[in-house]
Amino acid sequence: MAITIALANQKGGVGKTTSTVEIAAVLTKLEKKVLTIDFDQQCNLTKNAEADRNLPTIFEVFKEEGVDLNKAIQKVPAGYDLIAGSPSMSRADKEFEDVQDAYLLADLIEAVGPDYDYILIDTAPARNKLLNMSYLAADYFIMCVDSGEDSIDGIDAITTDMMKFHKPGKRQLSESKIMGVIVTRFRDTNIGKAVIEIINDKIDNEIPSDIKTENKPFIMTVREAAAVDESKMMHKPVQQYKKSSTPAIDYRNIVDEIISRTEQED
Ligand SMILES: Nc1ncnc2c1ncn2[C@@H]1O[C@H](COP(=O)(O)OP(=O)(O)O)[C@@H](O)[C@H]1O
Ligand SMILES: [Mg+2]
């Protein structure tokens with residue numbers, strides 16, 4: 001059964017999509033079977049990965065009866081599988097009102113899980129029903145933050161929301177845990193170091209043990225480099241565009257860490 005990881009932060013522009021693409025590319029290179037799900041109405045993952053946008057999207061899979069899930073799954077040029085995002089997901093809070101709808105993503109993952117080693121969810125920058133679905137579907141959360149205060153506050157928001165789904169006796173019970181934090185666009189400056197300290201303190205003192213892995217969640221950095229934006233222009237993971245660049249190296253280290261943590265628990 002696949003290990004499902006959601007990349008999250010309700011703030012936009014903090015590296016969720018970049019991290020999804022890079023982690024997927026490295027895992028694929030290591031011959032892991034990977035499915036990515038574009039859960040953001042902006043569809044950046046779908047566009048970036050050059051996915052075919054004529055296939056059924058995640059919205060149709062959730063909303064329309066009789067959509068063949070296998071037809072919604074496509075292999076993208078970078079070599080991993082993807083379910084495309086949809087602008088209609090902006091209406092998620094209205095469209096997925098039933099109590100049972102909270103399990104749409106969990107059910108999908110249960111159906112395709114046996115076919116994959118890893119499933120990555122590129123979440124939207126919003127605290128909405130879609131994020132709630134992710135709490136019920138993902139084994140792990142990896143938070144992405146840049147050095148901005150809002151993005152660090154995003155850790156608190158996820159902590160609060162996740163705890164709501166971890167209450168004993170709660171009908172919708174989540175088992176997902178925070179596995180780590182990726183500090184993206186990292187610069188080794190005083191600010192960079194301070195950010196790591198703040199996150200470390202949050203992990204030790206503010207994130208309840210119910211929602212973090214027993215093995216202390218990691219804090220790993222991805223250095224800032226122009227290669228990331230260049231690779232986007234080329235519609236390629238930086239792993240393929242410039243393997244020797246610092247972000248490419250950093251994402252390989254992150255994947256090593258993810259593998260060692262997840263395969264250890266198996
Ligand atoms: N390590 C990095 N170095 C330089 N630019 C980066 C790095 N990581 C992400 N970016 C850039 O930051 C912007 C936001 O990243 P993105 O992954 O789209 O964030 P999100 O999905 O959280 O909105 C993009 O333009 C991306 O190319
Ligand atoms: Mg994104």
Side-chain angles (χ1 to χ4, degrees), residues 5-26 36-51 53 57-59 76 78 80 82-87 89-90 92 120-128 130-131 133-134 138 141-155 157-158 178 180-189 191-192 195-196 199 218-255 257:
I5 302 173
L7 286 299
N9 192 323
Q10 92 265 8
K11 170 116 195 303
V14 296
K16 294 181 292 292
T17 301
T18 306
S19 298
T20 305
V21 166
E22 297 306 324
I23 293 170
V26 179
T36 59
I37 302 174
D38 189 348
F39 230 45
D40 183 356
Q41 68 205 45
Q42 291 174 68
C43 308
N44 289 338
L45 174 66
T46 304
K47 291 176 204 161
N48 245 304
E50 295 198 302
R53 303 200 66 180
T57 68
I58 187 73
F59 185 79
V76 297
Y80 52 85
L82 177 145
I83 299 178
S86 163
M89 289 298 249
S90 62
L120 304 176
I121 307 164
D122 182 17
T123 66
R127 282 167 95 171
N128 59 7
L130 298 177
L131 200 54
M133 285 185 200
S134 306
F141 266 64
I142 294 180
M143 303 285 310
C144 296
V145 304
D146 59 16
S147 299
E149 220 173 319
D150 303 359
S151 86
I152 300 170
D153 290 346
I155 299 178
I158 298 266
I178 296 174
V181 179
I182 301 178
V183 185
T184 61
R185 273 184 294 188
F186 181 72
R187 288 192 220 157
D188 196 7
T189 59
I191 293 179
V195 165
I196 292 181
I199 297 168
F218 65 73
I219 304 172
M220 294 184 77
T221 56
V222 179
R223 285 165 283 181
E224 182 168 66
V228 174
D229 276 334
E230 287 165 22
S231 70
K232 277 203 181 128
M233 303 259 287
M234 309 303 285
H235 292 276
K236 275 192 177 156
V238 77
Q239 292 308 318
Q240 292 172 7
Y241 171 73
K242 210 175 255 179
K243 263 169 84 168
S244 60
S245 64
T246 50
I249 295 167
D250 295 339
Y251 276 114
R252 291 201 289 278
N253 288 331
I254 288 169
V255 168
E257 185 66 29

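One-based numbering, in listed order, for ligands and for the atoms of each.
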For [atom], what is the nearest protein heavy atom, given as residue, atom name and distance?
atom: atom 10 (N) of ligand 1; answer: Val228 CG1, 3.8 Å
atom: atom 23 (O) of ligand 1; answer: Gly13 N, 2.6 Å
atom: atom 18 (O) of ligand 1; answer: Thr17 CB, 4.1 Å
atom: atom 17 (O) of ligand 1; answer: Thr18 OG1, 2.5 Å
atom: atom 27 (O) of ligand 1; answer: Asp229 OD1, 2.5 Å
atom: atom 6 (C) of ligand 1; answer: Arg185 CG, 3.4 Å

Would you please determine whether Val14 falls within less than 4.0 Å of ligand 1 on a heavy-atom basis?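 Contact present.
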
Would the number of heavy atoms belonging to other residues, nucleotides or ligands and lying under 6.0 Å from CZ of Arg187 be above 12?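 No.
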
Do other residues, nucleotides or ligands put more than 12 heavy atoms under 6.0 Å from the CD atom of Glu149?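 Counting neighbours around CD of Glu149, 12 or fewer heavy atoms of other residues, nucleotides or ligands fall under 6.0 Å, so no.
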
Closer than 3.5 angstrom, by distance alone: can the side chain of [X] be matched with the main-chain N or O of [Y] as a donor-acceptor pair?
X: Glu22; Y: Gln239; result: yes
X: Asn9; Y: Ser151; result: yes
X: Thr184; Y: Val14; result: yes
X: Asp250; Y: Arg223; result: yes
X: Lys47; Y: Gln42; result: yes

Contact atoms of ligand 1, heavy-atom distance to [X] under 4.0 Å:
X: Lys232; result: 24 (C), 26 (C), 27 (O)
X: Gly12; result: 23 (O)
X: Gly15; result: 15 (O), 16 (P), 17 (O), 19 (O), 20 (P), 22 (O)
X: Lys16; result: 17 (O), 19 (O), 20 (P), 21 (O), 22 (O)

Taking heavy atoms and a distance under 4.0 Å, where does Arg223 meet ligand 1: side chain, backbone, both or neither?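 Backbone only.
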
Is the contact between Ala225 and ligand 1 made by the side chain, the backbone, both, or neither, using heavy atoms and a 4.0 Å cut-off?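 It is the backbone that touches ligand 1; the side chain stays farther off.
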
Closest approach of Ser86 to Ile58 (non-hydrogen atoms, all atoms of both residues):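 Heavy-atom minimum between the residues: N-CG2, 4.5 Å.
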
Take Asn44 and Thr17 through the side-chain hydrogen bond (donor to acceptor under 3.5 Å, both in side chains) test and state the conclusion after the steps. CA-CA 7 Å; Asn44 289 338; Thr17 301; 4.8 Å; no

Specify whether an N/O/S atom of Thr17 falls short of 2.8 Å from the Mg ion (ligand 2).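 A backbone or side-chain N, O or S atom of Thr17 is under 2.8 Å from the Mg ion (ligand 2).
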
